[in-house]
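First the structure, in the form of structure tokens, and then the observations on it.
Heavy-atom basis, side chains included; hydrogens, waters and symmetry copies ignored.
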Amino acid sequence: MPSVLELELRNQLADLRERLAVAQEDLISMAHDAGAIDGEIMSLKAQMSEARADRDAWREQAERLSQLLSAIAQAKV
């Protein structure tokens, strides 16, 4: 017949195993979420890069048009 101490240790071990299982499930869930977040970050970086390229293209076009308007204004003088 198991002693009281042995029963207590078994109960503690069972509790620790249950807590470990919960912690492992939480870690798996967090890893999954981290993967999804990483994918979202990569997508946002690509969108930001595209937005910067568009911004730069619009800026170049605005500078060309500004120079053209200045040249036209000077030609009329």
Side-chain angles (χ1 to χ4, degrees):
M1 179 155 212
S3 69
V4 174
L5 179 59
E6 188 177 345
L7 289 174
E8 182 62 30
L9 288 174
R10 285 182 185 180
N11 285 339
Q12 286 180 5
L13 181 59
D15 181 56
L16 289 173
R17 285 183 176 158
E18 183 178 336
R19 290 170 58 190
L20 176 61
V22 169
Q24 287 173 331
E25 288 175 12
D26 288 347
L27 285 173
I28 290 169
S29 178
M30 283 188 259
H32 181 270
D33 291 347
I37 290 169
D38 188 49
E40 184 68 22
I41 288 170
M42 290 176 64
S43 174
L44 290 171
K45 283 182 177 181
Q47 290 176 25
M48 188 168 59
S49 178
E50 184 178 336
R52 285 179 175 159
D54 287 347
R55 175 204 62 198
D56 293 345
W58 280 105
R59 181 180 289 152
E60 289 175 15
Q61 184 176 4
E63 288 172 0
R64 284 193 305 270
L65 290 174
S66 178
Q67 290 170 357
L68 180 60
L69 288 173
S70 292
I72 291 171
Q74 289 177 356
K76 288 185 177 182
V77 173

Please examine the side chains of E6 and S3, heavy atoms only from C-beta on, and report whether any two atoms are closer than 4.5 Å.
yes
Do R64 and L68 touch side chain to side chain, with heavy atoms closer than 4.5 Å?
no
Validation row: V22, D26 side chains within 4.5 angstrom (heavy atoms)
yes
Once you round to the nearest 0.5 Å, how far does CG of L13 lie from CD of E18?
12.0 Å
How about CZ on R17, more than 12 heavy atoms from neighbouring residues, nucleotides or ligands closer than 6.0 Å, or not?
no
When rounded to the nearest 0.5 Å, the distance separating CE of M30 from CD of E25 is 11.5 Å
For E50, is the CD atom crowded, meaning more than 12 foreign heavy atoms sit under 6.0 Å from it?
no
Can you find a pair of side-chain heavy atoms, one from Q47 and one from S43, that are under 4.5 Å apart?
yes
At what distance, to the nearest 0.5 angstrom, does CG of L16 lie from CG of N11?
11.0 Å
When rounded to the nearest 0.5 angstrom, what is the spacing between CG in L44 and CE in M42?
11.5 Å
Check for a donor-acceptor pair, side chain of S49 on one end and backbone N or O of K45 on the other, with a separation under 3.5 Å.
no
Rounded to the nearest 0.5 Å, the CD1 atom of I41 sits from the CE atom of M48 at a distance of 11.0 Å
Salt bridge between R19 and D15, side-chain N to carboxylate O under 4.0 Å?
yes
State the CG-CG distance between L27 and L20, to the nearest 0.5 angstrom.
9.0 Å
